[in-house]
Amino acid sequence: MDSIRRRSAGGILGILFLVLLRWAGAGDPYAYYEWEVSYVWGAPLGGVKKQEAIGINGQLPGPALNVTTNWNLVVNVRNGLDEPLLLTWHGVQQRKSPWQDGVGGTNCGIPPGWNWTYQFQVKDQVGSFFYAPSTALHRAGGGYGAITINNRDVIPLPFPLPDGGDITLFLADWYARDHRALRRALDAGDPLGPPDGVLINALGPYRYNDTLVPPGVTYERINVDPGRTYRLRVHNVGVATSLNFRIQGHNLLLVEAEGSYTSQQNYTNMDIHVGQSYSFLLTMDQNASTDYYVVASARFVPDADKLTGVAILHYSNSQGPPSGPLPDAPDDQYDTAFSINQARSIRWNVTASGARPNPQGSFHYGDITVTDVYLLQSMPPELIDGQMRATLNGISYIAPSTPLMLAQLFNVPGVYKLDFPNRPMNRLPKLDTSIINGTYKGFMEIIFQNNATSVQSYHLDGYAFFVVGMDYGLWTDNSRGTYNKWDGVARSTIQVFPGAWTAVLVFLDNAGIWNLRVENLDAWYLGQEVYISVVNPEDSSNKTVLPLPDNAIFCGALSSLQKEQSHRFQYSEASQITQLWKMLIRAS
């Protein structure tokens, strides 16, 4: 994947976005992208045997989506895999547009050889996000890339504009087995076991240790200029491993977490759990006589020394390679106390403007009355009907052949039930398609109780939730006395430590059916997810959810509605844009 990920997708399409943006006319701009998802091959951890991975336009990481608040994105995706595919836009709230969410509850998979066009607006959002496949453990093979949503010019940043620009890093644990082999292991009831390495931007580690790292591994080099400050956007897009991120000799000034500006604090290292995103300000203030190590090492797993990704921070006036040992990780590899205290220290910057001019803290979440409470308990995987499955409140989710949103729209009976329990039930675990019946514009309290043995991350599509508390032991009503009701950070992915709980609050003002899932891919694949249905009962004119897209793909009980070529998107913007798009596509 070393040379593959750096390959251009084609010169003419490289300028396509800019040309079409100019033609977009009045209103919020449109940005157009043309992607092909296909298999690529590489050996990121070294060796002669190459491994199948998933790239976009021949690249891993895939092309970045770099846009501004309220822009409209049109992403035409051709599925060059031999399996159905969906891409989800991790952290993008898809306001009024659950049809674009790209998960199995909202969309039929894009069949092999088909193309499907996502069209959505990044409404009232700023920050650092990513896209990735949501289907069949595909993310274990890659298919991910950056989504950067910039502030509008009229909205000031709560820090000086970094004069060095942006740097994006993707951290991921990596298995020498491809995603198909990982699926087969889980289907057979076997755990995945520890990964084989850690990648930074899909590349293996710099050879910091001749015993642990073989020769010839291609590594990431980050080029910087002395004295400049950079905004470093860091994502954990891995399978199941929490990673500790640090840079030799440099502090990390945290400024943002998944679209929310944070109180600005310096960290020497940061635990980044699966599915989480942060941005830091990184100032090049060191003696540049040598390069510096950039490290992402596994947490809470055995043999962490073998699970360390290393890149190089290269000053333009550096005189040689890095020296000395890698910067220290937290003292105790298995001690979660450091990590939970660090998580509690991340606070919302209530005075900063977000995507709108009003301060982030103008929404006083601590004063709102909770309308629904869900205590979601996870357990270690267990046998259910002869299959190894993972559960929430004793239910392992079974994905129906007809997506939930389509079943709701077309009144297809028997696809799902609105009876998901609001707390653990004293009964045997079961397989079911049971979802949460949320209250439109209600205020929901969700408590994640982790009775499993590993750190878990949970992600909610369609929303950002306020992280108000986390602690060890079993959550009780008295635990609310410890909640942070003023500056808990608003984000979409949160960690839950084993033998502990995390509580969040979320305002259900975005109608649709939204996926709530564990981000650890093994448990997600085994059924540890649920959906929340949010319906506006007074919306007779369908103003709170956009209509079904004209290019919708039908499957399951609605397969007969699928029309020939209906998966081919026809651009409906101004005719000049349509003609220019077609002209440039033909030229390429």
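All values reported here derive from a predicted model rather than from experimental measurement. Residue numbers start at 1 and run along the sequence shown.
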Nearest heavy atoms of L307 and P302, plus distance in Å: CD1-O, 4.1 Å
Which residue pairs pass the ring pair (Phe, Tyr, Trp, His ring centres under 6.0 Å) test when at least one of the two sits in residues 387-406, sequence neighbours left out? Y397-Y531
Check whether any side-chain heavy atom of T391 lies under 4.5 Å from a side-chain heavy atom of I384, and answer yes or no. yes
I need the minimum non-hydrogen distance between G141 and L60, along with the two atoms involved. O-CD2, 4.0 Å
Are the side chain of D196 and the backbone of A176 linked by a donor-acceptor contact shorter than 3.5 Å? yes
Using modelled atom types and a 3.5 Å cut-off, is there a donor and acceptor pairing between side-chain atoms of E220 and backbone atoms of A311? no
Relative to the ring of Y144, is the ring of F170 parallel (under 30°), tilted (30 to 60°) or perpendicular (over 60°)? tilted
Return yes if a side-chain donor-acceptor contact under 3.5 Å exists between T336 and R299, otherwise no. no
Donor-acceptor contact below 3.5 Å, side chain T168 vs main chain R233: no
Side chains of Q276 and R491: does their closest heavy-atom pair fall under 4.5 Å? yes
Under the side-chain hydrogen bond (donor to acceptor under 3.5 Å, both in side chains) test, residues paired with Y525 that sit two or more places apart: D187
My understanding is that only residues two or more places apart in sequence, or in another chain, count here; which of them pass side-chain hydrogen bond (donor to acceptor under 3.5 Å, both in side chains) with S279? R231, E256
Donor-acceptor pair, side chain of Q248 and main chain of Y292, under 3.5 angstrom: no
Under a 4.5 Å cut-off applied to non-hydrogen side-chain atoms, are C108 and L406 in contact? yes
Please walk me through it: do W524 and H459 pass side-chain contact (heavy atoms from CB on, under 4.5 Å)? CA-CA 11 Å; W524 183 12; H459 175 83; over 6 Å; no
Is any side-chain heavy atom of R180 closer than 4.5 Å to a side-chain heavy atom of E83? yes
Would you tell me whether S339 and D271 have side-chain atoms, one donor and one acceptor, within less than 3.5 Å of each other? yes
N/O donor-acceptor pair under 3.5 Å between Q125 side chain and G91 backbone: yes
Using a 4.5 Å cut-off on heavy atoms from C-beta on, say whether the side chain of N150 contacts that of W71. no
Assign the ring pair W35 / W89 to parallel, tilted or perpendicular, where the plane angle (0 to 90°) is split at 30° and 60°. tilted
D101 and N107 side chains, donor-acceptor separation under 3.5 Å: no
Ring-plane angle category for H138 and H179, please: parallel below 30°, perpendicular beyond 60°, tilted otherwise. perpendicular
May I ask you to test the N79-W114 pair for a side-chain heavy-atom distance under 4.5 Å? no
N/O donor-acceptor pair under 3.5 Å between Y458 side chain and T502 backbone: no
Quick check: closest heavy atoms across N393 and L376, and the distance to 0.1 Å? OD1-CA, 3.4 Å
Kindly determine whether V92 and Y131 satisfy side-chain contact (heavy atoms from CB on, under 4.5 Å), including the steps that lead there. CA-CA 9 Å; V92 176; Y131 62 84; over 6 Å; no
To the closest 0.5 Å, what do you measure between CG (L516) and CD1 (I532)? 5.0 Å
Can you see which heavy atom on L169 is nearest to which on N201, and at what distance? CA-OD1, 3.3 Å
Do any pairs count as a side chain to side chain donor-acceptor pair (under 3.5 Å) and have a residue in residues 379-390, sequence neighbours left out, and if so which ones? R389-S396
For I395, does its backbone N or O pair with a side-chain atom of D432 as donor and acceptor, under 3.5 Å? no
Without hydrogens or angle criteria, can the side chains of E529 and N515 be said to hold a donor-acceptor pair below 3.5 Å? yes
Does the side chain of R78 pick up a donor-acceptor pair with the side chain of N76 at under 3.5 Å? no
With no hydrogens and no angle check, is any side-chain donor or acceptor of R183 less than 3.5 Å from a backbone partner on L137? no
Which atoms form the tightest heavy-atom contact between D522 and A240, and what is the distance? OD1-CB, 4.1 Å
Flag for Q456-S378: side-chain donor and acceptor within less than 3.5 Å: yes
Do you know which two heavy atoms are closest between R177 and L192, and how far apart they sit? NH2-O, 2.7 Å
Step by step, would you call Q93 with K123 a side-chain contact (heavy atoms from CB on, under 4.5 Å)? CA-CA 8 Å; Q93 293 176 14; K123 181 69 174 172; over 6 Å; no
What distance do E258 atom CD and I494 atom CD1 have between them, rounded to the nearest 0.5 Å? 8.0 Å
Are Y118 and W116 close enough that their ring centres sit under 6.0 Å apart? yes
Contacts of P498 that satisfy side chain to side chain contact (heavy atoms under 4.5 Å, CB included) - sequence neighbours left out: N450, V455
Hits for ring-ring contact (aromatic ring centres under 6.0 Å, His included) against F129, two or more places apart or cross-chain, chain-then-number order -> none
Candidate pair Y219 and V294, rule side-chain contact (heavy atoms from CB on, under 4.5 Å), full reasoning: CA-CA 11 Å; Y219 57 88; V294 179; over 6 Å; no
Quick one: are P205 and V217 in side-chain contact, heavy atoms under 4.5 Å? yes
Test salt bridge (Lys or Arg N to Asp or Glu O under 4.0 Å) applied to D461 and R517, step by step: CA-CA 9 Å; D461 287 351; R517 61 181 177 269; 3.1 Å; yes
What is the distance from atom CH2 of W99 to atom OG1 of T106, rounded to the nearest 0.5 Å? 8.5 Å
Is S38 reaching over with its side chain to a backbone N or O of G80, donor-acceptor style, under 3.5 angstrom? no
Is there a donor-acceptor contact under 3.5 Å from the side chain of S260 to the main chain of A490? yes
Is there a side-chain contact between I513 and S533, using heavy atoms and a 4.5 Å cut-off? yes
